[in-house]
Number of protein chains: 2
Amino acid sequence: MARDTVGRWVTGPPGGPCGTLVPLPTGEQTAERPSTPPEEGTVPGPLRDAARTRRALLDAAARSVVVHGAGVSLDTVAREAGVSKGGLMHHFRSKDELLGALADDLFEQFTRAVEDRVDPDDVAPGRRLRAYVHATFDDLERREEAVELATLLATLGSFPEAARRSQDRYRHWNESLAEDGVDPQRVLLVLRACDGVSIAPLFEGPLGRDELATTRDLLLALTRGEGPPA
Amino acid sequence: MARDTVGRWVTGPPGGPCGTLVPLPTGEQTAERPSTPPEEGTVPGPLRDAARTRRALLDAAARSVVVHGAGVSLDTVAREAGVSKGGLMHHFRSKDELLGALADDLFEQFTRAVEDRVDPDDVAPGRRLRAYVHATFDDLERREEAVELATLLATLGSFPEAARRSQDRYRHWNESLAEDGVDPQRVLLVLRACDGVSIAPLFEGPLGRDELATTRDLLLALTRGEGPPA
DNA sequence: GGCAGCATACCGACCAGACGGTTTGTTACC
DNA sequence: GGTAACAAACCGTCTGGTCGGTATGCTGCC
C-alpha cells in the first residue's frame with residue numbers, strides 16, 4: 001500500500017474522525033505516464049486510465065483543499081492532478097460531487113486503516129476501539145503539518161454533500177463500536193477525544209509529539225477498563 | 001447580558017473549543033434605529049453608532065457563516081446586518097479581517113462564559129476546568145441546529161487569519177487550565193473531549209440530548225478525580 | 001443654546017478577475 | 001468506427017475590493 005518510493009505520499013495509515021489518508025501536499029502525483037516501456041519511476045499502464053485519473057483527482061483534491069482551504073477552485077484541483085478542468089468534469093459532474101466523493105474516499109481509507117490495526121492476538125473487549133485509536137493517532141503523527149487533517153475535515157464539513165455522506169457513514173462506526181464490549185460511556189469519551197485531537201490543531205496549533213503520545217496511551221488505557229491517573 | 005426581549009438572540013452562554021455565542025440565525029438584528037423617541041422594540045441611541053454597527057456586522061457574519069458555509073459573500077453579511085457593503089468595508093477592510101474579528105469576538109465571549117460559570121462555592125481543584133466544560137455543553141444544548149457551532153468553527157478554521165488568531169488565544173487557555181490542580185492527563189482528556197463534542201455534529205449529525213448530558217457528567221467527574229465506570 | 005467646521009460613518013455604483021459549469025473539438029483505446 | 005477519456009475555449013454569474021460622494025455626529029466657539 002505504501003507508495004513512497006515512486007510518488008511521495010505514504011499511502012500508509014489514515015486516521016481521524018472522518019478518515020483521512022491524504023497524500024502529503026508535497027507528493028504530487030499526476031495522471032501522466034511514460035512513453036513506451038516502463039521507463040522512469042512513473043506509473044505503468046495505458047495512457048488513458050479512468051481509474052488512475054480518478055485517483056489522481058481525489059488525491060489532488062485532498063492536497064489542494066489542505067492548501068487553499070474552502071475556496072479551492074476546480075481548476076486548481078485539475079491542474080494539481082495534471083488534468084484539464086474538462087477532464088475533471090468528466091469524472092465529477094460538479095464540485096459538490098467531487099468533494100462528496102472525496103469524503104467517501106477518505107472515510108473508506110480510514111475504515112481500512114482501522115481494520116488493519118485490529119490486533120489478531122488481542123481478544124480483550126475493546127479491540128476494535130483500540131484499533132480506532134491507533135488509526136487516528138498514527139495518521140496525526142505522520143503529518144508534518146498537523147493542521148492538514150483538521151483543515152481538510154473542516155473544509156469538507158462545510159460542504160453539505162460531503163458532510164451528509166460523512167454523517168451517514170459515521171453512524172455505522174458508532175453502532176459497530178458500541179458492540180465492542182466496552183462501557184458505553186467510555187466509548188463515547190474515547191470517540192469524542194479522537195475527534196478532538198483530530199480537529200484541535202486547527203484552533204490550537206500543532207499538538208506536539210509528547211502530548212499526542214500521552215493522549216494515545218491514555219485513551220488506550222480507557223479502552224481496557226483502566227482509569228486515568230488521579 | 002441576555003437580550004431576548006428586544007432582539008431574538010439570547011446573549012447567554014457560549015461554549016465550544018473556540019468560543020461561540022452566536023446569535024441564533026433566526027434572530028436577525030440590524031443596525032437600524034427608530035425615528036425620534038424610543039418607539040418600537042428596536043435599539044435606542046444615535047442614528048449612527050459605529051460600535052452598534054460593528055456588533056451587528058459580527059453577529060450577522062456569524063449567522064451567515066452558519067447558513068451559507070465558507071462561501072459567505074460580504075454582500076450577504078452586509079445585508080443581513082442591515083448595512084451596505086460599503087458600510088461593511090468601512091469597518092473591516094477585507095474579508096479576512098472580518099472573519100478574524102469574528103474569531104476574536106467568539107473567543108472573547110466564550111472566555112466570558114467560562115468565567116461566568118466558575119462556581120464561587122467550588123474550591124476543589126479543577127473548578128476552572130469544570131466551568132469550561134459547562135460553558136461548552138451549555139452552548140451546545142442551547143442550539144436547535146446542533147451543526148451550527150460546528151459549521152461555524154470549521155469555516156473559521158479554514159480561513160488562515162481566523163485560525164491564527166484562534167491559535168494564539170487558545171494557548172492561554174491551555175496554560176491557565178494546567179494550573180487548576182488537576183492531573184495534566186485528565187486536563188488533556190477533558191479538553192480534547194470538549195473539542196470533540198463541539199465538532200462531532202458536523203460529521204456525525206446531532207448528538208442527542210441524552211448523549212450530551214451523559215458526556216458532560218462524565219467529564220465533570222473526571223475533573224473531580226473520579227474515573228469513568230468500568 | 002446654536003452654529004460652523006471637521007471627522008467619520010455609511011451608501012451605491014462600479015470593476016477586474018475568478019469561478020462553476022457547458023459546449024465543442026480531439027485523441028486514445030476496444 | 002464507435003465510444004470513452006480527455007482538452008480547450010468559452011459564458012454568465014458572482015465576488016472581493018475600490019471610489020466618489022453624502023449624510024450624520026461631535027467639538028469648540030460664540
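Convention: sequence-line order gives letters A, B, ...; per-chain numbering from 1. Both backbone and side-chain heavy atoms feed into the values below; hydrogens, waters and symmetry mates do not. Just so you know, these numbers come straight off a predicted model, no measurement behind them.
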Pull out every protein N or O sitting under 3.5 Å from an N or O of nucleotides 20-23 of chain D, one pair per line with the distance.
from   : atom 1 : to    : atom 2 : distance (Å)
D:dA23 : N3     : B:R48 : NH1    : 2.8

Atom pairs, N/O to N/O, protein against nucleotides 15-19 of chain D, distance under 3.5 Å?
from   : atom 1 : to    : atom 2 : distance (Å)
D:dG16 : OP1    : B:V72 : O      : 3.1
D:dG16 : OP1    : B:K95 : NZ     : 2.6
D:dG16 : OP2    : B:L74 : N      : 2.8
D:dG16 : N7     : B:K85 : NZ     : 2.7
D:dG17 : OP2    : B:K95 : N      : 2.8
D:dG17 : N7     : B:K85 : NZ     : 3.1
D:dG17 : O6     : B:K85 : NZ     : 2.8

Between A:R142 and A:D138, is the salt bridge (Lys or Arg N to Asp or Glu O under 4.0 Å) condition met? List the steps. CA-CA 6 Å; A:R142 194 169 52 84; A:D138 281 349; over 6 Å; no
Intermediate values then yes/no, side-chain contact (heavy atoms from CB on, under 4.5 Å), A:L177 and A:V190: CA-CA 11 Å; A:L177 289 175; A:V190 170; over 6 Å; no
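Residues B:T215 and A:R192 have side chains that never bring a donor and an acceptor to within less than 3.5 angstrom of each other.
Taking CD from A:E204 and CD from A:E211, the interatomic distance works out to 6.5 Å, rounded to the nearest 0.5 Å. Here CG of B:D195 is found 8.0 Å from OG1 of B:T136. Values are rounded to the nearest 0.5 Å.
Of all heavy-atom pairs spanning B:L102 and B:L58, the tightest one is CD1-O, 3.7 Å. Contact record, B:A101 with B:R54: CB-NH2, 4.0 Å, taken as the closest heavy-atom pair.
As a whole-Å value, the separation of A:L57 CG from D:dC6 P is 8 Å. One atom, CZ of A:R79, and another, C1' of D:dA7, lie 14 Å apart when rounded to the nearest Å. In this structure, the CZ atom of A:R54 is 17 Å from the P atom of D:dA4, given to the nearest Å. Rounded to whole Å, the distance from CG on A:L88 to C1' on C:dT23 is 17 Å.
The shortest distance between the side-chain N/O atoms of A:T53 and the OP1/OP2 oxygens of D:dC6 is below 4.0 Å. In this structure, B:H91 reaches the C:dC10 phosphate: one of its side-chain N or O atoms is under 4.0 Å from OP1 or OP2. Checking the phosphate oxygens (OP1, OP2) of D:dA5, a side-chain nitrogen or oxygen of A:H90 falls inside 4.0 Å.
The number of heavy atoms from other shown groups lying within 6.0 Å of CZ (A:R164) is above 12.
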